[in-house]
Amino acid sequence: MIAAAHLSEGYYLTFAAILFCIGAVGLLVRRNVLVMFMCVELMLNAVNVTFVAFSRALNDISGQAIVFFVLVVAAAEVAVGLAIIVAIFRRRRNGATADDIDLLQG
Amino acid sequence: MNSRDLLDLVWLVPLLPLTGAVVLLLVGKRIGDPKAGWLATGAMGLAFVWSLVMLIAMLSLPAAERSHVSTAFTWIGAGTFHVDIGFLADPLSITWILLVTGVGSLIHLYAIGYMHGDERYSRFFAYFNLFATAMLVLVLGSSFLLTFLGWEGVGLCSYLLIGFWFERTRASSASVKAFVTNRVGDFGFMVAMFFIVGALGSLDYSAMAEGAGALSKSTATAIALLLFVACVGKSAQIGLHIWLPDAMEGPTPVSALIHAATMVTAGVYLVCRAHPFFERSGVAMDVVALVGALTALIAGTVALVQPDIKRVLAYSTVSQLGYMFLAAGVGAYSIAVFFVLAHAFYKAALFLGSGTVIHGTEETQDVRRMGGLRKYMPFTAAGFGIAWLTIVGLPPFSGFWAKDGVLAAAFYDHSYVVWAIGLLAALLTGFYMTRETLLVFAGNERFRADALVGADHAEGADAAMVTDHAHTEHDITASPTVDYGMPVAPAHMTHEPHEGTPTMILPVIVLAGLAMIAGLVELPFHGLEFLSKWLEPTFEGAEGAKPTSFLSGFGLSMLAVAIGVTGIVIALRWYRRGLDDPGDDPVDRKLGAAGRLFGHAWYYDEGIAALVGGPIRRGAQWVADVFDQQVIDGGVNGVAKVFGAAGAGMRKVQTGLVRQYALGIVLGMVALLIWALWRAGIG
Amino acid sequence: MIAAAIPRVDWTSIAPVVTLFATAIVIILFISIARGRVRTYEPALFLAVAGLGLTAYFLARQWSAVIDDGPADAMAHMVALDGFSVFVGLIVVIAAVLVLGLSADYLVDRKIESRPEYVVLLLISTAGMLMMAGANDLIVVFVALEVLSIPLYVLAAFDRRRARSLEAGIKYFVLGAFSSAIFLYGIALTYGATGTTSFEGIQSFLATRLLVDEGTLIAGLVLLLVGLAFKVGAVPFHMWTPDVYEGAPSPVTAFMASATKVAGFAALLRVLYTALPAYSADWRQLVFGLAVLTMLGGSIGALLQTDLKRLLAYSSVAHAGYILIGVQAASAAGLRSALVYLFVYAFMTIGSFAVVVALGGRDDLHDIDDLRSLGRRRPVLAALLAFLLLAQAGIPPTAGFIAKLGVFEAAAQAHSYALLIVGVVTSVIAAFFYLKVILTMYAAEDEGETVIATEADSTPVGLAVAIVLAVSVAMTLWIGFLPSVILDFAHDATFLF
Amino acid sequence: MEAVLFFIFAGLALAGALGVVLMANPVHSALCLVGVLISIAVLFLIQDAQLLAAVQVIVYAGAIVVLFLFVIMLLGVDRSESLRDPVRSQRPIAIGAGVISVVALVALGSQRWTTGELASRGVLLPRATNNIKAVANSLFTSFLWPFELTAALLVVAVIGGVVLARRSHLPADEELHALEEDDA
Amino acid sequence: MLRGYPILTAIVFTPMLGALLILLTPARRPELARAIGFMMSMATLGFAGLMLWDFQTGHGGFQYVELNHWFTALGVNYSVGVDGFSLFMVVATAVLFPLGLLGAAKVDVRVKAYVFWFLLLEGAILGIFLSLDLIEFFVFWEVMLVPMYFLIAGWGSANRKYAATKFFLYTAAGSAFLFAAILTLGFLHQSATGTLTFDYQTLAAWATGGLSESTERWLFLGFMVAFAIKIPLFPFHTWLPDVHTEAPTAGSVVLAGVILKLGAYGVLRFAFGLFPRASVYFAPLFLTLAVIGIIYGSIVAAMQKDAKRVIAYSSVAHMGFIVLGMFSLTILGLVGASFTMVSHPLTTGALFFLIGMLYERRHTRQIDSFGGIWKSAPKLTALFLIATFAGIGLPAFSGFVGEFLSLLGTFAAHRWWAVVATAGVILGAIYMLWMFQRVFTGVPDGDNATMADITGREMLVVVPLLALSLFIGLYPQPVLDRVEPTVRCTIVNFESKAGVALDRLDASDAKGCR
């Protein structure tokens, strides 16, 4: 069933690892909350790539099925996350960054 | 009722004064002055009567059987260790209870008058009775432990009575000093008991009698020396003598009863009682003899120059106790006991006499402010005078026989060094007692307000008082060991001196009389050594050396008398007319630097006071304030501080920035990944 | 090529979750229809409690099924039906009921809007937790994690007028999403390493195969652990807890501290105990490290806190550390002790927050200094708080002691002596800050100041809160004195795992 | 062929990802994100995940990123971010940690990435129509339970969005007012 | 007569029941709480007296043993029993608490809470003495902290927060190790035999054979940390003076009287019973610490400016004697230590009561601010004087018997330790008498001159203690007879398990032990 001349899954997985870490680092270094969300999306996409690559390597469909769940979760998260941001920014119109949200500390 | 049944009732002797004490402690205030005193005296008198009954009962037994133990109940029993509350009646203890109750009764009687008007009158007699109880337990105890009970009991009473006038700082300090110094001796007593239990398995005197001889020499020496440490403490021998002079802060009857006649001789009792250990050791005996001799000498030197009437007597007591130990140390226990008896009579007489003098001169104690008092208090002067003649060792008074017996025993024991020292001490005794007697009762009257003040000597006030005041008021070290160097107080008397009440005169006279005739109980003539014979069952096989011939014995006696008389003569020459200037004591002038040394009691006390009040106290303060609070507790709190700092650190890390929290997660992840690398065997 | 038929729907196993969802939907429908016409909040609350009661009934049914037939799975091996799931589910349901009790007046008093929706979100979150309790597949764990978390993000930010609440929401959300991604990556790697996401599949794969190249699996294991450690608030993944606990509305905090933690540990236990027992030697090392750091971090972090909720947050971190001790034991005793701890902890912590709710406080700030002389002003509340804090400190004869005893016993049994020592030592450190609060309530008075009764002092404690408080305290006491019932229950739960 | 496509689109995706992180303006970041998502869709495609590729474009690029852009515009937070990080240690540590993570993950995986059991829950089918069937099959059999549960997620998303974004008619707490004054 | 009756349970739970009853009383009627408290503690005393009277002499093992399952899932039982070690501690506790309540009649704030905690404390302490299950023991051990903590924190003096926290945390820190050691012991037993139990007797019978020597030593140290802190042994003693200074009078009395004994009791019962080899191995260490404690405590006591601190440090010294006697591992030493444990509550309790009375009259405990009290309050002074001398260890008082036997036992085994410790006798006299001198002698001025003398009620509190001290000082045999069989059992245990001949014992001693 599987064509012999596939590119080894290692390439995809390495790519995914790099993408994942770029996303993670992005979340750490950016201060705009929306960009931070985007970085989370990058990480989720990296995971998706991983699932798909494994799915092919294992010749197992469930890897692809799982990606659907990730998509749904991502969508739900974004909806709620953006709603929270909207609620916050309603109060603070002057474009606050994540660093300005630090009432709670210590 | 046969005599053994009677002896079973020996516990009545301590019980009588105990009853008195309890009654007085509980309802003494209601009994009042002077009934309380009569009650206490009555209890003592009854005890004396009962002691006489005991004596008779004892005498009715054959000599070999004169030892009776009556056991009340088990005191402490655990494991193989067992001690009873039991009373041992034997010639030694009977002798002592007679002494305690007899002299005690007289001094009680004296105190009725002396203490009259004191606000804590009944309590004084309660303590007095309690003291008698403890002393009787001490001598009647059938084991070391029970003796120790009495030993501590008399210490307690001594503490209470020295500090009786607790409002005076000097009194309360002296009482603490007395107790603590005695505790040093008790340390020896306790360790000795541990040794005894280890060696014999029992603290009973009967076990000692059976087992002491079989002990190794070193064990016996250890036990003996440790016991002797206790004796040194209680009997104020050189080294631990410092408390006794201070004890004069107590009322004078206390000085007479406790610090002259009875308690301080407990050490002698203990050495006599524990003689098997000393005998077995040998070395210990030499130590006892030497310490005794040195004490006799050194205390004598200090007594030479003291200006305080009681303090002279105190040092004299120390000196005389030295003689007793000297006797015991050369194996002459009977002589030692004889000396105790004689000393009890004359020293009690002297103290009571001095008490009457103090009483009659509105609390004057400085002999330089007295003089010519025989005119005002003739009976006391007579009693005091007789006692004086006795103590200086003039024949045929008891003092002569006692001192002569001691010196002879030393000489024939070939302990020539201690003999020589004893002889020298006799010279000093002759001098200082004569000095005191003359300054008090003879010569010019210096107590009047118009008498010379001796102002040019006032600045001679030095160290003793200075150190006394340098310390804070409530200080253990602030105790008045010597008053030497104090300027003469201005005369303050508002009335003429007066004689004491009959109850005060009577005991002095009786005691002086006894002092005169007490020699009869032990004359160094064959067949007249009643006391030695009576005590023989106790000291079986341990009798001291005897003169080899009458002539050499007589020669020695004459030598001792001659030496004593020399001292008297010197004192007579200096003090016959009293003092022209109260601030100028010839003995000071003549002795020079040595006088200051003697006067300050060889600076021993001041040295100890300086040590305790100085480096030791600072060291203890450092331990308490710095080491305990900052090192140990600081360590404890330091642990808390470390955690607190860690908590502060965590608060700092928690910046409130969400990115940093995410960084925390990433760093944790990185750490786990690094672990994973290690785990997978990569890198 | 069709692999399997549509699975038979085993209603017993999913009834609790379905009930909760159904209740949530009913409430939503009710809100939509009735809004503006009748009061919606009280009926919503009533419906929710009824739904939770029904859920509890189904859980009880499950229990008897498990007792009768032994553990089983359903829905294509996605759902596990065993003692563990019932036990955890029960804790969660009880916690949800209690939190609803805390919330009832709280939302009204603080004029928080969208109150019926609050109830819905709470129910859905609870449903997610139940899902988690019965999860038998990493994907179910992931989905359940999101189902329980996303409502919580909203709930944390629910008091929209308070900046702190919003801040809690956004922080929780960002970090939650971040850790979910990491967790998901862990699932992916595990999937690659084992070819499946099913617990049984992973377990049997690892049991029958000896992997030579374990890199992917180990990496997956590590990342799974990171994600779950975040949820349970283990150090160093705990940093969100103080901020979120402090900022979120108090009942929500109570819910997060109790039920969420329970669910998180349920997931952790499932993953480690069911899927990865073959690698217990490895994860025990990691959990060991986490436990040590968590106990230390929680108790030390709390030392200097001045806000009561924040202090309780750190205390919950410390508790997570103790539960990790039980996890680390990798034994039946460890599992049981962790379950008992979770059970007990839920009551203690909800009780503590009930006091926080009852105390009120302006702007939901809870400075410990405001508790000054509470012992005089509100003696009963103060006494109960003191009791609950002492229980949290593990002082017998409270349930807290039994819980600690259990995990420490498990550690001793597993020869994890170092954990045992760290555990007992940090208990002492932790005792300090509990005592600090108690001292403030009792010993701080009459230092020259007169006790000023504030307005809040005279406000009576609402009936619902009072009931919650009473139940929590009663349970804490009861388990402390007679722990056999709960111990045996947990024992059966682990036995039927 | 696959390798060429992989390198082109993987490279594009990484570049886009860096763009998301490095672009100062959030709008630019969002656009870069679109690039990443589409590149990944291509990567799905070349791995015979046709359905996923399509969904990726429709849902992610189409819906999610648009949502982002919408919010950015709504809130007017499209101002560029200062490139200096006020927390100075953050950036180097983050980058260091990122690098270590990549290295560690790759090192761990590259021993042998895939060790699992093959085809445990249904095999892949090569052609697009078959792929859709296979995925659907899997979702409605093996993954039925989680699939049903995702419904809950969507409900939550709706309710959460409504509750939080709803305009409040009550004033904010004093504290919030104070903060607004500070900002002004 | 009492066989079959749960007398020990009655003893433990009567005060606890009282505490519950007090919760039901209205706060505005303090006299009710006080009455209930006193009644219940008297009832406890009654039960304890009954037990004492019925206690079978010459029997070293446990009596009136009750065993009930508590929560077997964790191997924990409720099991109580009494033997020579615990007998008199129970009685002492039962005696001190009613007196403490009587002496605390001056407490007038939050009386209800005060009595509640006080009774709870009594129950917990009794529980500690009677527990035969290690976890049960530990439960009571920890429970005890709470009421004591609240008593200090709620009714202490100025620095009470610090003191209460220090007390709680320091003790809890020690208990932490105890807890760890108990659990480890239990599970080592479980892995060896398959049975999970914390039953003291089972574990004691198993431990020596089942534990390696090094394990035994570690566990022993785990136990000893807790006990050493509680005793408190040098250098773990610094909490004691802090707590004593701040605690209310009755708290101090109970603390010095029985709480300190808990540590010593723990050593006798658990450290010795479970780990005989380790006890022998570490004996020199603890002997040394004990001796240091005696000397050090006395020196530091002498330098204190606060009267309560003097007594606190004196307790350090006294507890040193107890530890010394115990670790002599001889019959006499152990009997002496046990006896001191009975005697110390009496004397020190009396001293703390008396200092409390001084404090109530003058609101200070600074030694310097007193002086000449003897004149204004002669009866109080007389009692203080008696207590002082009883504390010093004057023969005829109970302190002497205990100290003497301890030292005697130690001397037989470790001569030089005993000799140095005996030197502590001297120091004891110094600090006590010096304090007495500064407080009571001299001429009183100001408030000291007008100080009221002791009242009848106060006499009722102090006199029994001193009378008891005198009684058992002169007639200690009733106590010794009941303690010694248990001591013999302990020694037999040492000889058979640690393999050393410590004392001259014959086979008959082993009978009736366990």
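Heavy atoms of D/Arg112 lying under 4.5 Å from chain A are absent altogether. D/Leu52 touches chain A through its side chain: at least one heavy atom from C-beta onward sits under 4.5 Å away, while N, CA, C and O do not. A/Ala53 touches chain D through backbone and side chain together, each having a heavy atom under 4.5 Å away. For chain A, no part of D/Ile93 is nearby; none of its heavy atoms comes within less than 4.5 Å. Neither the backbone nor the side chain of D/Ala136 has a heavy atom closer than 4.5 Å to any heavy atom of chain A. For chain A, no part of D/Leu149 is nearby; none of its heavy atoms comes within less than 4.5 Å. There is no contact between A/Ser8 and chain D, counting heavy-atom distances below 4.5 Å. Using a 4.5 Å cut-off between heavy atoms, D/Leu33 contacts chain A through its side chain alone, with no backbone atom that close.
Considering only heavy atoms from C-beta on, D/Leu164 stays 4.5 Å or farther from A/Val86 through its side chain. Looking at heavy atoms from C-beta onward, A/Ile61 lies in side-chain contact with D/Val135 at the 4.5 angstrom threshold. At least one side-chain heavy atom of D/Asn131 sits less than 4.5 Å from a side-chain heavy atom of A/Gln64. With a 4.5 Å cut-off on side-chain heavy atoms, A/Asn32 and D/Ser29 do not count as touching. Taking the side chain as every heavy atom from C-beta outward, A/Leu82 and D/Phe70 never approach each other to under 4.5 Å. Counting heavy atoms from C-beta outward, D/Leu51 and A/Phe68 have side chains that approach closer than 4.5 Å. Contact of the D/Val21 side chain with the A/Val25 side chain is not registered, since no non-hydrogen atoms from C-beta on lie closer than 4.5 Å.
With chain A as partner, the option from D/Ser101, D/Cys32, D/Ala49 having the largest number of non-hydrogen pairs under 4.5 angstrom is D/Ala49. With respect to chain D, the highest number of heavy-atom pairs below 4.5 Å among A/Ala75, A/Gly23, A/Ser62 belongs to A/Ser62. Ranked by heavy-atom pairs under 4.5 Å with chain D, the list A/Val78, A/Ile66, A/Leu27 is led by A/Val78. Your options are A/Val52, A/Asn48, A/Val49, and the one with the most heavy-atom pairs under 4.5 Å with chain D is A/Val52. Across A/Ala79, A/Cys39, A/Ser55, the residue that shares the most heavy-atom pairs under 4.5 angstrom with chain D is A/Ser55. Put simply, of D/Leu74, D/Ile72, D/Val59, the one with the most heavy-atom pairs under 4.5 Å next to chain A is D/Ile72. Top candidate by heavy-atom pairs under 4.5 Å with chain A, chosen from D/Val162, D/Leu139, D/Val156, is D/Leu139. The choice from D/Pro26, D/Gly116, D/Ala97, D/Ala63 that makes the most heavy-atom pairs within less than 4.5 Å of chain A is D/Pro26. Highest contact tally toward chain A, considering only D/Ala17, D/Ala24, D/Gly160, is held by D/Ala17 [criterion: heavy-atom pairs under 4.5 Å].
Here the closest non-hydrogen pair linking A/Cys21 and D/Leu105 is SG-CD1, 4.2 Å. Between A/Val80 and D/Ala157 the shortest heavy-atom distance is CG2-CA, 3.8 Å. Residues A/Glu9 and D/Trp113 approach most closely at OE2-CB, 3.9 Å, considering heavy atoms. Looking at every heavy atom in both residues, D/Met23 comes nearest to A/Arg30 through O-NH1, 2.5 Å. Residues D/Val102 and A/Ala17 approach most closely at CG2-O, 4.2 Å, considering heavy atoms. Residue D/Phe68 comes nearest to A/Leu34 through the heavy atom pair CE2-O, 3.7 Å, listed as atom of the first residue, atom of the second, then distance.
To the nearest 0.5 angstrom, A/Glu77 atom CD is 9.0 Å from D/Leu153 atom CG. Taken to the nearest 0.5 Å, the CG atom of A/Leu19 stands 6.0 Å off from the CG atom of D/Leu14. How far OG1 of D/Thr114 is from CG of A/Asn59: 12.0 Å, rounded to the nearest 0.5 Å. Atom CG of A/Leu7 and atom CG of D/Leu5 lie 10.0 Å apart (nearest 0.5 Å). The structure places CZ of D/Phe7 at 11.5 Å from CZ of A/Phe15, a figure rounded to the nearest 0.5 Å. Atom CG of A/Asn45 is separated from atom OH of D/Tyr60 by 4.5 Å, given to the nearest 0.5 angstrom.
Put simply, the residue from D/Leu37, D/Ile40, D/Val36 that forms a side-chain contact (heavy atoms from CB on, under 4.5 Å) with A/Leu42 is D/Val36.
The aromatic rings of A/Phe69 and D/Phe143 sit tilted relative to each other, their planes meeting at an angle between 30° and 60°.
Counting heavy-atom neighbours within 6.0 Å of D/Phe6 CZ, excluding the residue itself, gives a total above 12.
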